[in-house]
Amino acid sequence: MEYLFNDEHLDLCKEQVWEAKTDMKIYGLLSEFELEQFQEYLPRDCRRSFEFGAGMGRGSIQLHKIYGDGTEYYLADRQGRTSNKGVFFPQDDEFYNDFGLTRSFCELNGLKDFQVFDTELDDWSSLPKFDLITSRCSLGFHVKIDRYIDRLISIATPEVTMVFGVNRIVSEESEDYLRRFKEWKLIPGKEDHRLPLQSWLILKGLDR
């Protein structure tokens, strides 16, 4: 996956993908590496996609290459910039994003039909229902899934697919929310010394 960048995008892109700080080729390689691990679990059709922790929107730009213009994309994150301590599940929220740069980066890379959404300041009840909800390096990686799962379920279609890149073991005994889905699967992450090691939690269909 090759992305186009303007100079104004580089600082935040490198902050959001640490591995790209010394080589921006890693930014696109990471997206390819992630997708190859979970692509077979994506729904065939997707009317609306919600990306949690979207940052500059690299995940949604990539999904647009798959689903095209027939899909609406919602990019969810926080507006603002805190310090990045580089720890899993930090005690205080960390976020480093600028929705203005998200918009220009997505448009530069061909994604036109999208909305941005602040996960803390905007109204979740205003959102439509989504067929696909993804989180590349946020839920289960830097933010606990439990914190947002009720809100995500509230915006999900009955046959939703959720894909989360996680950094720890997930088990039915320890994660009550798994019982709220018809199916779940944990895919062990592939190792690549240049890229983050994540496992992939796949949740399918609401068990209401």
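Index from 1, following the sequence. Atom set for the values below is all heavy atoms of this structure, side chains included, hydrogens, waters and symmetry mates excluded.
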Inset, instruction - Apply side chain to side chain contact (heavy atoms under 4.5 Å, CB included) to D113 and D69, showing your working. - result: CA-CA 7 Å; D113 185 12; D69 293 334; over 6 Å; no

Legend entry - Closest heavy-atom pair and its distance - Y67, D45: CE2-C, 4.3 Å

Legend entry - Gap separating the CG atom of L197 from the CD atom of E191, nearest 0.5 angstrom: 5.5 Å

Inset, instruction - May I ask you to test the R180-I149 pair for a side-chain heavy-atom distance under 4.5 Å? - result: yes

Inset, instruction - Please list, chain by chain and in numerical order, all residues satisfying salt bridge (charged side-chain N to carboxylate O under 4.0 Å, His left out) with E72, sequence neighbours excluded. - result: R48

Legend entry - Heavy-atom side-chain proximity of I133 to I155 below 4.5 angstrom: yes

Inset, instruction - Answer with yes or no whether the side chains of S31 and Y3 bring together a donor and an acceptor at under 3.5 Å. - result: yes

Legend entry - E36, CD atom: more than 12 neighbouring heavy atoms under 6.0 Å: yes

Inset, instruction - Kindly indicate whether the side chain of L178, heavy atoms from C-beta on, has any atom under 4.5 Å from the side chain of L203. - result: yes

Legend entry - Minimum heavy-atom distance W184-L201, with the two atoms named: CE3-CD1, 3.8 Å

Legend entry - Value rounded to 0.5 Å, distance of CG in L132 from OG in S49: 4.5 Å

Inset, instruction - Report the relative orientation of the aromatic rings in F38 and W200; use parallel for angles under 30°, tilted for 30 to 60°, perpendicular for over 60°. - result: tilted

Inset, instruction - List the steps, then state whether salt bridge (Lys or Arg N to Asp or Glu O under 4.0 Å) holds for E51 with R136. - result: CA-CA 8 Å; E51 183 183 5; R136 299 281 180 117; 5.1 Å; no

Legend entry - Donor-acceptor contact below 3.5 Å, side chain K190 vs main chain S199: no

Legend entry - Main-chain N/O of E8 paired to N6 side chain as donor or acceptor, under 3.5 Å: no

Inset, instruction - Would you indicate whether the side-chain heavy atoms of E159 and K182 approach each other to under 4.5 Å? - result: yes

Inset, instruction - Answer yes or no: is there a side-chain heavy-atom contact under 4.5 Å between L75 and C106? - result: yes

Inset, instruction - Supply the atom-to-atom distance F114 CZ to H64 NE2, rounded to the nearest 0.5 angstrom. - result: 10.5 Å

Inset, instruction - Would you give the length of the straight line joining atom CG of L127 to atom OH of Y74, rounded to the nearest 0.5 angstrom? - result: 7.0 Å

Inset, instruction - Run the numbers on R78 and N97 for side chain to side chain contact (heavy atoms under 4.5 Å, CB included), then give the verdict. - result: CA-CA 6 Å; R78 301 283 300 276; N97 199 54; 6.0 Å; no

Inset, instruction - Apply the ring-ring contact (aromatic ring centres under 6.0 Å, His included) test between F52 and each candidate in F117, Y148, F141, F164; give the one that qualifies. - result: Y148

Legend entry - Nearest non-hydrogen partners of K65 and N109, listed with the distance: NZ-O, 4.1 Å

Legend entry - Which atom of R179 lies closest to which atom of D207, heavy atoms considered: O-OD2, 3.9 Å

Inset, instruction - Please examine the side chains of F5 and C13, heavy atoms only from C-beta on, and report whether any two atoms are closer than 4.5 Å. - result: yes

Inset, instruction - Identify whether the distance between the nearest side-chain nitrogen and carboxylate oxygen of R147 and E120 falls below 4.0 Å. - result: yes

Inset, instruction - Keeping the roles fixed (side chain from K204, backbone from M162), state whether a donor-acceptor pair exists under 3.5 Å. - result: no

Legend entry - Distance (rounded to the nearest 0.5 Å) between L108 CG and R103 CZ: 15.5 Å

Legend entry - Nearest heavy atoms of C137 and E34, plus distance in Å: SG-OE2, 3.8 Å

Inset, instruction - Would you check if the side chain of Q37 reaches a backbone N or O of G189 as a donor-acceptor pair within less than 3.5 Å? - result: no

Legend entry - Residues, nucleotides or ligands: over 12 heavy atoms within 6.0 Å of K25 NZ: no

Legend entry - pair V163-Q39: side-chain heavy atoms closer than 4.5 Å: no

Inset, instruction - For V160 and L152, run side chain to side chain contact (heavy atoms under 4.5 Å, CB included): C-alpha distance rounded to whole Å, both residues' side-chain angles, the deciding distance at 0.1 Å, then the answer. - result: CA-CA 10 Å; V160 69; L152 294 176; over 6 Å; no

Legend entry - Spatial distance of atom CD1 (I26) from atom CE (M24) [nearest 0.5 Å]: 10.0 Å

Legend entry - Criterion ring pair (Phe, Tyr, Trp, His ring centres under 6.0 Å) on F50 and W124, from CA distance to verdict: CA-CA 12 Å; F50 185 88; W124 285 76; 5.7 Å; yes

Inset, instruction - Ignoring hydrogens and angles, tell me if any N or O in the side chain of S126 forms a donor-acceptor pair with the backbone of D123 under 3.5 Å. - result: yes

Inset, instruction - Consider only side-chain heavy atoms of I, L, V, M, F, W and Y, link residues closer than 4.5 Å, and tell whether L10 and L12 are in one cluster. - result: yes

Legend entry - Check: F99 and D77 side chains under 4.5 Å, non-hydrogen atoms: yes

Legend entry - Nearest atoms (heavy-atom pairs only) where Q198 meets G165: OE1-CA, 3.3 Å

Inset, instruction - Please step through side chain to side chain contact (heavy atoms under 4.5 Å, CB included) for the pair L42 and I66, ending with a clear verdict. - result: CA-CA 10 Å; L42 293 175; I66 297 172; 4.1 Å; yes

